[in-house]
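First up is the structure itself, then whatever we jot down about it.
Just so we're clear, the structure is a prediction, and the values are computed from it rather than from any experiment.
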Amino acid sequence: MTSGVVLGAALRDTINSINRTQTAIDRTTLRLATGKKVNSALDQPQNFFTAQALGHRASDLNRLLDGIGQSIFTVQEAFVGVEAVEKLLTQGEAIAVNIRDILVSGGTISNNLAVGTDTSLPPINTQIQALNPDVYYRLNEAGGPIIDSGGGGGVAATLSGGASLGAPALYNNGGGTSAIFDGINDRIRVSDSPLINTATTPARTVELVFNADSVAGRQVLFEEGATVNGLTIYIDAGLIRVTAEDDQGANQFADLDISAPIMAGQTYHVAFVFDGATNTFAGYLDGVDIGTLAITSDAVFPSHSGDVGIGGVNQSVQFHDGESGVGNGFNFGGRISDVAIHNQALTSVQLLSHAQSLNNTTSIEIINEDFEELINQIDLLVLDASYRGINLLAGDDLITYFNEDRKNFLITESVDFSSDELGLENHDFDDINDIDIIIEKVREAIDTVRDYGAALSTDLSIISNRQRFTENTINTLTSGAGDLTIADLNEEGANLLAAQTRQALGFTALSLAAQSKASILEIIG
C-alpha cells in the first residue's frame, strides 16, 4: 500500500510551470474563440462593465432605430399622398378654367353636366305638416275663414277686433301671407278642444312665427288657460317670455319663467316644450334653447276650461308674475303666422330646423361630373394614404422618438385633406361667378397642400438626419465597447504558440527530471 508520493523540488517546480502554462493556453484559446480579451468581470472589471454599459445603450438605440425608420416610411407615404392630391387638384383647376373660358367666349357647356338641387331646408310649413301637428294655423289665407291644417280634424278659430289676414309674408322660404294685429283690440279666438285645453296631455309643443311692431309693454302671442293653470308666449318690455303654471293635482308647479331679449321689426320663431316624460319645460327662440326648467309633474298637463287666444288674451291668462283675469287685453301689434300645436315634445333639432328654414332659399346648381369625380377621388386617396394605421392626411399625428428615455422627439402634425376641409364642398358651375369661386377655392387648396408638403419635407429631413446620427452613435458605442474588450488575434495567436512551446519544453524537462531521479536511485540502491 502506497502511503504517499514524495516529489523533489525540481519535479514540483516543473509541474507547477506546466500548470501555469496550461492556464495561459486555456485563457488564450478562449480569447481566440470569442475574439475578446475581456470575457468576464474577472478578466478586467473596469473594462468589462464600461463595455457592457456602452453595449446596452447601443442595443437600446438600435431598437429605437427601427421606430425612426418606420416614421420615415410613414412620412414618405404621406408625401406621396400630398403629391397625388396636388395633381388631382391641378387637374380639377384645369377643368374649371376650361369651362370658364368657354363661357366667357360665348359658348355653352352640355357634356358631363348634371342638374341637382342644393341641400336647403324645406319650408317650415312642409316640416310642420310632416310631424302631423294636432292643430296648425298657417294664417296665410287671403281672407277668412282661418283654416286648421293640423291632423286633429279641425279646430275653429275666428278673427276678432281688427285682426285681418293677407299681410306680407314673414319669411322668404315658402312664406305665404300672415295675420296682422293692431295692438289695440285684435286677437284670434280659438274654440275649446280636447286637442288643446279640455283634455290632459303628456307633452305639448307650441311654436309660431312673429314680427312685432314694438316690443314695449306686455303683448300676448299665444295663451291657453286661466287662473288655475296655463301656458303662455308673450312679449314683455323687450323680452320674449314663455311661462307655465299647474295649480292642480298632487305635483304642482307655478310661474315657470324663461325669457330672452328681442327687437322690433325682426322676424322670430318662438316655441315652448312641455315634456312630462322628462319633467321639463323649455323655451326656444330661433331654434336655440333659451332655458330649460325642471318641474314636479305627474307626467301630464291637466285639462282646463280657460280659453285660447292668439295675438291677445281671450278672457284670462297666466304670466310669469301671476295670473290676470281681466278679460280680453294685452293685445299684440305686428304679424303672426304658422301657429302649430303639437301634443308631443318636439326635439331641439326639429325646432332649430324649423327656425333655420325661414330664410333658406332653394336654388338649382349645375354639377360637372368630371370635376365631381376628381373631388371624390381626393377623398378616397386621402383615406388610402396611411402606413401601418397612421394617416397624416386624415388627422393622425406621428410621434418619432430620438433617444432611449423618450425625452427627445418630433411630432409630425397631421392635416385633414378631405374635400370638405379643403373648402371644396360646393361645386356649382351655374355661371362664371360661381366658377370663379370654384377656381379660387381649388387654388387655395393647392397652396394648402403644397405648404403641408413643404412641412413634411422638413420633418422628413429631420428624421432622416436623426436616423443617420443614431446609426453613427451606435457604431461609435459599439467600437468603443470593442476597444475595451476585443482581443488582438495576431497577438493572442503568438501567445498561444509560445505557451504551447513552453508546455512542450516543460513536459520534456519533467521527463528528464524523472529519469535523473531514477538513475540516482539505481546507483545508491
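Between the side chain of Gln315 and the backbone N or O of Gly306, no donor-acceptor pair lies under 3.5 Å. Using modelled atom types, one side-chain atom of Asn197 and one backbone atom of Ser193 make a donor-acceptor pair closer than 3.5 Å. Of the possible donor and acceptor atoms, one in the side chain of Ser414 sits under 3.5 Å from a partner among the backbone N and O of Gly395. Asn376 places no side-chain N or O within donor-acceptor distance of the main-chain N or O of Leu380, the cut-off being under 3.5 Å. Side chain of Glu207 to main chain of His354: no donor-acceptor pair is present (N/O by atom type, distance under 3.5 Å, no hydrogens or angles).
For the pair Thr158 and Ile146, the minimum side-chain heavy-atom distance is 4.5 Å or more. Looking at heavy atoms from C-beta onward, Ile72 lies in side-chain contact with Leu460 at the 4.5 angstrom threshold. Between Leu221 and Gln219 the shortest side-chain heavy-atom distance does not fall below 4.5 Å. In this structure the side chain of Leu351 reaches within 4.5 angstrom of the side chain of Val273, judged on heavy atoms. Side-chain atoms of Thr205 and Gln350, non-hydrogen and from C-beta on, never get closer than 4.5 Å to each other. For the pair Phe417 and Ile378, the minimum side-chain heavy-atom distance is 4.5 Å or more. Using a 4.5 Å heavy-atom cutoff, the side chains of Ile336 and Tyr137 are not in contact. Under the 4.5 Å side-chain criterion, counting only non-hydrogen atoms from C-beta, Val313 is not in contact with Asn328.
A cation-pi contact links Arg218 to Phe319, judged by a cut-off of 6.0 Å to the six-membered ring centre and 45° from its axis.
Partners of Asp379 according to the side-chain hydrogen bond (donor to acceptor under 3.5 Å, both in side chains) rule, which considers only residues two or more places apart in sequence or in another chain, are Ser419. Remark: Arg100 pairs with Asp436 by the side-chain hydrogen bond (donor to acceptor under 3.5 Å, both in side chains) rule, at least two apart or across chains.
Looking at Thr267 and Asn211, their side chains do bring a donor and an acceptor atom within 3.5 Å of each other. At a cut-off of 3.5 Å, with distance as the only test, no side-chain donor of Asn185 or Asn331 sits close to an acceptor on the other residue. There is no side-chain donor-acceptor pair under 3.5 Å between Ser348 and Asp289. Using a 3.5 Å distance cut-off with no hydrogens or angles, the side chains of Thr201 and Asn343 do pair a donor with an acceptor. There is no side-chain donor-acceptor pair under 3.5 Å between Asp420 and Ser418.
Rounding to the nearest 0.5 Å places CZ of Phe272 at 10.0 Å from OG1 of Thr243. Remark: Ile180 CD1 to Phe332 CZ distance equals 9.0 Å, nearest 0.5 Å. Distance CD/Glu245 to OG1/Thr232: 9.5 Å, rounded to 0.5 Å.
Only one option out of Leu121, Asn173, Ile124 pairs with Leu358 in a side-chain contact (heavy atoms from CB on, under 4.5 Å); it is Ile124.
Taking each heavy atom of Val242 and Gly283 in turn, the nearest pair found is CG2-CA, 3.8 Å.
Residue pairs satisfying the ring-ring contact (aromatic ring centres under 6.0 Å, His included) criterion with at least one member in residues 188-211, sequence neighbours excluded, are listed as follows: Phe210-Tyr268.
Within 6.0 Å of CZ in Arg335 there are more than 12 heavy atoms belonging to other residues, nucleotides or ligands. With a 6.0 Å radius and a threshold of 12 heavy atoms from other residues, nucleotides or ligands, Glu413 has its CD atom at or below the threshold.
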